[in-house]
Trainee: 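Quick one: the structure is below, and I'll ask about it shortly.
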Amino acid sequence: MSFYSRIIDLQKLSLAWDRVRKNKPACGVDNVTWEMFEENKKTELKQLNISLTEHSYTVMPVKMVTLYKGDKLRQIALYCMRDKVVQQSIAGELVKIYDRIFSDCIYAYRPGKSALAALEIVMQKIQNGEYGYALKLDIENFFDTISIDRLIHLLEYHIKEEDLLELVRMVCNAPSISDTGQLVKKQQGIYQGSAIAPILSNVYLAEFDRKMEEECSFYIRYSDDMLVLGKDRQDLGEILSMAALLLEKAGLCLNQSKTVILPVEEGFDFLGYHFDKKGKAIPAKAEAGLAERLENIWLAEKAGMLQQKLKKGAAILEGWEQYFKEDRRIASIYEFAVVTYMMQNKEVDISTLERYRKSVKNDNLEICLYLYQFWQKSSSRKMMLYEMEDFQDIAELDQDVEIGHVYLGELLEFYDRLIAEETEEVLVNLMQIYSDAGAFNKAAAFMDKISRFHISYGPPDKPVIPRELNKEDRKEGMEAVQFSKGQMQVYMENFVGREDTYVIQEVGRSGRQSYVQMMEPLTEEVLQRHFSGECTVGTYVQRNNNTAHFMVIDIDVSKKVLLGRREKRISYTHT
């Protein structure tokens with residue numbers, strides 16, 4: 001049975017389609033999706049078999065798409081489903097012919113070979129200490145500069161069937177569709193994205209590989225990335241000159257910016273890893289690339305598509321973890337969100353996740369709400385609060401203050417309201433609760449947020465405390481802040497409504513606070529006792545004449561702190 005007959009066999013075409021379908025590929029110029037082809041596969045494959053048998057098959061034009069890989073553009077060819085099937089069937093037969101002929105130093109696109117296997121061998125050679133220098137070789141625009149005529153000539157050494165050679169040429173010479181909709185003839189090169197490109201690229205460099213293997217102590221190639229290890233720089237310099245001449249004969253040239261000789265001691269990058277005498281490690285550039293790819297998902301996708309973003313992120317992270325198997329820390333909030341998505345329906349060590357979560361910062365509201373719900377399902381109320389505080393940029397404040405159970409529930413309630421609508425009332429309540437809980441710096445932060453609702457400000461009467469509050473500050477009652485008689489009068493004018501009565505705070509057995517009305521005038525002496533921390537006093541907003549001053553102040557000793565920290569004095573009143 002001829003090679004061509006095997007390729008066009010209906011059963012082989014069916015097996016080829018199964019391999020194509022697994023990748024769920026994008027559609028070509030005919031807009032036939034893989035789902036549509038699968039639904040009618042019997043008819044599609046039968047028609048394909050007939051056209052190949054009658055030699056009436058023609059390749060449809062190729063749709064070109066641009067992908068961004070870091071700061072580089074990469075053109076990928078999208079073939080129609082029928083053409084993908086033919087390519088896959090051809091590739092399967094070519095592998096059977098050529099794999100036993102290829103040099104063992106080729107690790108790309110071969111059964112039983114992989115990038116990870118190549119990395120393992122390189123690491124072993126480096127750790128043995130046998131080689132002191134590394135020569136990195138890279139072919140410039142490899143796939144795009146392959147000569148199709150030379151490729152067909154190379155295939156003729158092992159393939160004598162003209163119909164198979166013409167089929168390969170037809171696939172390689174398929175025109176592409178330009179942005180304006182015009183057909184662009186293929187002059188040279190093979191399209192990246194075709195199922196046949198990997199095996200053809202190995203065929204094209206087979207002679208080069210055999211020569212390099214003969215002349216080098218250690219040579220390895222993965223696609224167009226090549227590595228030579230040697231004992232001294234001079235030997236590798238000679239290898240470099242030889243490689244350049246061999247590639248020139250094949251119509252190829254080295255990428256000078258990526259071709260370099262380096263001491264192993266200084267380290268070098270190969271196939272995404274960094275190597276030195278200690279072995280291999282993940283380069284910082286690769287880490288940054290992962291973080292950028294995950295962040296770009298949230299920047300590129302439409303709002304409200306959270307599940308789609310998480311799913312895409314999971315696919316990226318799974319591929320990363322299959323390649324980079326070394327332990328590493330979670331580097332961004334986007335990666336953490338994807339990790340929690342991947343761990344759904346699995347047993348999770350919450351304490352470990354909590355530790356990882358606190359190592360990254362979040363300023364994305366969508367992720368904040370997603371993680372808030374994640375912690376809610378995990379019954380971790382403290383982490384629910386942490387998500388809200390981190391988004392509000394106050395999580396690092398008052399870390400020595402333990403928020404009690406009663407205050408925790410109240411804070412979560414008002415954060416729920418804050419997410420629904422940011423109002424001054426909600427901000428004031430959050431400030432009040434933090435003050436009650438002794439988290440004065442967080443309360444002060446919310447007081448700053450409240451200030452946006454005020455219209456005018458005056459200069460402060462007294463310098464403020466330029467530091468965070470600590471345990472010692474609270475213990476001493478913040479005695480550094482003192483109010484003069486003039487400042488007390490300003491306070492009475494701006495914040496006191498009814499001067500004939502006030503309330504004083506009491507704490508019950510349950511720890512809950514209540515307020516008892518005192519039917520007597522509010523004096524400066526009473527307020528001074530409040531500011532010194534002897535008691536907690538509250539004033540009424542509404543006056544006897546039904547006018548009111550807006551009051552942004554809570555009614556405990558923390559007011560001494562908050563007023564002391566303010567740089568602006570509120571002077572807005574309303575009726």
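Remember, predicted model here, so these are calculated numbers, not experimental data.
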Trainee: Looking at every non-hydrogen atom in both residues, tell me the closest pair between Asn441 and Leu397 and how far apart they are.
Mentor: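 Heavy atoms only, the tightest pair is O-CD1, 3.7 Å.
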Trainee: Does a side-chain heavy-atom distance below 4.5 Å link Leu290 with Leu317?
Mentor: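 They are in contact (side-chain heavy atoms under 4.5 Å apart), so the answer is yes.
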Trainee: What do the steps show when you test Glu140 against Lys258 for salt bridge (charged side-chain N to carboxylate O under 4.0 Å, His left out), and what is the final call?
Mentor: CA-CA 9 Å; Glu140 187 167 7; Lys258 293 185 177 181; over 6 Å; no
Trainee: Verify the distance criterion only: is there a donor paired with an acceptor across the side chains of Gln392 and Lys449 at less than 3.5 Å?
Mentor: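 Yes, Lys449 and Gln392 have a side-chain donor paired with an acceptor closer than 3.5 Å.
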Trainee: For atom OH of Tyr370, decide whether the heavy atoms of other residues, nucleotides or ligands shown that lie under 6.0 angstrom number more than 12.
Mentor: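 Atom OH in Tyr370 is crowded, with more than 12 foreign heavy atoms closer than 6.0 Å.
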Trainee: Between CG of Leu418 and CG of Asn429, what distance do you get to the nearest 0.5 Å?
Mentor: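 One gets 11.0 Å once the value is rounded to the nearest 0.5 Å.
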Trainee: Parallel under 30°, tilted from 30 to 60°, perpendicular over 60°: which one fits the rings of Tyr415 and Tyr434?
Mentor: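 Judged by the thresholds at 30° and 60°, the geometry between Tyr415 and Tyr434 is perpendicular.
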Trainee: List the steps, then state whether side chain to side chain contact (heavy atoms under 4.5 Å, CB included) holds for Lys63 with Ile177.
Mentor: CA-CA 6 Å; Lys63 181 196 297 185; Ile177 298 291; 5.7 Å; no
Trainee: Would you say the side chain of Leu371 lies within less than 4.5 Å of the side chain of Met383, judging by non-hydrogen atoms?
Mentor: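 Answer no - side chains too far apart.
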Trainee: Given side chains that start at C-beta, do those of Ser114 and Leu116 come closer than 4.5 Å, heavy atoms only?
Mentor: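 In contact.
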Trainee: To the closest 0.5 Å, what do you measure between CZ (Arg417) and CG (Leu430)?
Mentor: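 So the CZ of Arg417 and the CG of Leu430 are separated by 9.0 Å.
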Trainee: Any chance you could measure Ser378, atom OG, to Glu354, atom CD, to the nearest 0.5 Å?
Mentor: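 Result: 9.0 Å between the selected atoms.
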Trainee: Can Glu389 and Lys382 be counted as an ion pair, charged N to O under 4.0 angstrom?
Mentor: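 Judged by the 4.0 Å cut-off on N to carboxylate O distance, Glu389 and Lys382 do not form a salt bridge.
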Trainee: Output the distance between atom NZ (Lys358) and atom OH (Tyr386), rounded to the nearest 0.5 Å.
Mentor: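 If we round to the nearest 0.5 Å, Lys358:NZ and Tyr386:OH are 6.5 Å apart.
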Trainee: If you compare all heavy atoms of Asp398 against all heavy atoms of Ala439, which two are closest, and at what distance to 0.1 Å?
Mentor: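 Nearest pair, atom of Asp398 first, then Ala439: OD2-C, 3.2 Å.
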Trainee: What is the ring orientation for Phe268 with Phe275, classed by angle as parallel under 30°, tilted 30 to 60°, or perpendicular over 60°?
Mentor: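 Phe268 and Phe275: parallel rings.
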Trainee: Between Cys368 and Phe391, what is the shortest heavy-atom contact and its length?
Mentor: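 Cys368 and Phe391 have their closest heavy atoms at SG-CB, 3.8 Å.
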Trainee: Please step through side chain to side chain contact (heavy atoms under 4.5 Å, CB included) for the pair Tyr341 and Lys311, ending with a clear verdict.
Mentor: CA-CA 8 Å; Tyr341 172 77; Lys311 187 175 181 180; 4.0 Å; yes
Trainee: Would one find more than 12 heavy atoms of other residues, nucleotides or ligands at under 6.0 Å from atom CD of Gln127?
Mentor: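 Result for CD/Gln127: enclosed.
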Trainee: If you apply the rule side chain to side chain contact (heavy atoms under 4.5 Å, CB included), what do you find for Val537 with Val503, and how did you get there?
Mentor: CA-CA 6 Å; Val537 171; Val503 296; over 6 Å; no
Trainee: Do Ser223 and Asp225 have side-chain N/O donor and acceptor atoms under 3.5 Å apart?
Mentor: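 The criterion, which ignores hydrogens and geometry beyond distance, is not satisfied for Asp225 and Ser223.
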Trainee: Give, for atom NE2 of His405 and atom CD of Glu410, the distance between the pair rounded to the nearest 0.5 Å.
Mentor: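 Interatomic distance, His405 NE2 to Glu410 CD, rounded to 0.5 Å: 10.5 Å.
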Trainee: With a 4.5 Å limit on heavy-atom distance, are the side chains of Tyr502 and Glu520 in contact?
Mentor: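 Of all side-chain heavy-atom pairs linking Glu520 with Tyr502, at least one is under 4.5 Å.
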Trainee: Heavy atoms, side chains only, cut-off 4.5 Å: are Asp138 and Gln256 in contact?
Mentor: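 No, every pair of side-chain atoms sits at 4.5 Å or beyond.
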Trainee: If only atom types and distance count, is the side chain of Asn364 paired as donor or acceptor with the main-chain N or O of Ile367 below 3.5 Å?
Mentor: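 Yes; judged by distance alone, with no hydrogens or angles, the pair exists.
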Trainee: Check whether any side-chain N or O of Lys361 sits under 3.5 Å from a backbone N or O of Asp390 as a donor-acceptor pair, and report yes or no.
Mentor: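 The answer is yes, because a donor-acceptor pair under 3.5 Å joins these two groups.
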Trainee: Does a sphere of radius 6.0 Å around CD in Glu35 hold more than 12 heavy atoms from other residues, nucleotides or ligands, not counting ones at 6.0 Å or beyond?
Mentor: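 Yes, the 6.0 Å shell around CD holds more than 12 heavy atoms from other groups.
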Trainee: State, with a plain yes or no, whether a side-chain heavy atom of Tyr191 is found less than 4.5 Å away from one of Met64.
Mentor: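 SC-SC contact between Tyr191 and Met64 confirmed.
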Trainee: Could you tell me if the ring centre of Tyr107 sits under 6.0 Å from that of Tyr222?
Mentor: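 Tyr107 vs Tyr222: aromatic centres not under 6.0 Å.
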Trainee: Are any side-chain N or O atoms of Thr501 and backbone N or O atoms of Met518, one a donor and one an acceptor, separated by less than 3.5 Å?
Mentor: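 Present.
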Trainee: Determine whether a donor-acceptor pair (N or O, by modelled atom type, separation under 3.5 Å) exists between the side chain of His274 and the backbone of Ile282.
Mentor: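 Judged by distance alone, no pair lies under 3.5 Å.
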Trainee: Nearest 0.5 Å please: distance from the CD atom of Gln432 over to the CG atom of Asp436.
Mentor: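 So the CD of Gln432 and the CG of Asp436 are separated by 4.5 Å.
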Trainee: Between the side chains of Asp416 and Tyr372, is a donor N or O closer than 3.5 angstrom to an acceptor N or O?
Mentor: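 Yes - a donor-acceptor pair under 3.5 Å links their side chains.
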Trainee: Check the pair Glu366 / Lys309 against salt bridge (charged side-chain N to carboxylate O under 4.0 Å, His left out), numbers first and verdict last.
Mentor: CA-CA 11 Å; Glu366 187 176 36; Lys309 295 174 186 176; 2.8 Å; yes
Trainee: Are side-chain heavy atoms of Leu78 and Val29 found at a separation under 4.5 Å?
Mentor: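 Contact flag for Leu78/Val29 side chains = no.
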Trainee: Can you give me the closest heavy-atom contact between Lys84 and Val20, atom names plus distance?
Mentor: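 Minimum heavy-atom contact is O-CG2, 3.8 Å.
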Trainee: Let's go through Ile126 and Asp276 carefully: what are the C-alpha distance in whole Å and the side-chain angles of both, what is the deciding distance for side chain to side chain contact (heavy atoms under 4.5 Å, CB included) to 0.1 Å, and is it a yes or a no?
Mentor: CA-CA 7 Å; Ile126 293 296; Asp276 55 29; over 6 Å; no
Trainee: If only atom types and distance count, is the side chain of Gln399 paired as donor or acceptor with the main-chain N or O of Glu396 below 3.5 Å?
Mentor: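 Yes; judged by distance alone, with no hydrogens or angles, the pair exists.
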Trainee: Please tell me if the side chains of Val122 and Phe270 come closer than 4.5 Å, counting only heavy atoms from C-beta onward.
Mentor: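 Answer yes - side chains close enough.
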Trainee: So which heavy atom on Ala443 is nearest to which on Met431, and how close?
Mentor: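 Reported closest heavy-atom pair: O-CG, 3.3 Å.
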Trainee: Check Ile394 against Ala445 and note the closest heavy-atom contact, atom names and distance.
Mentor: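 Looking at all heavy atoms of both residues, the closest pair is CG2-CB, 3.7 Å.
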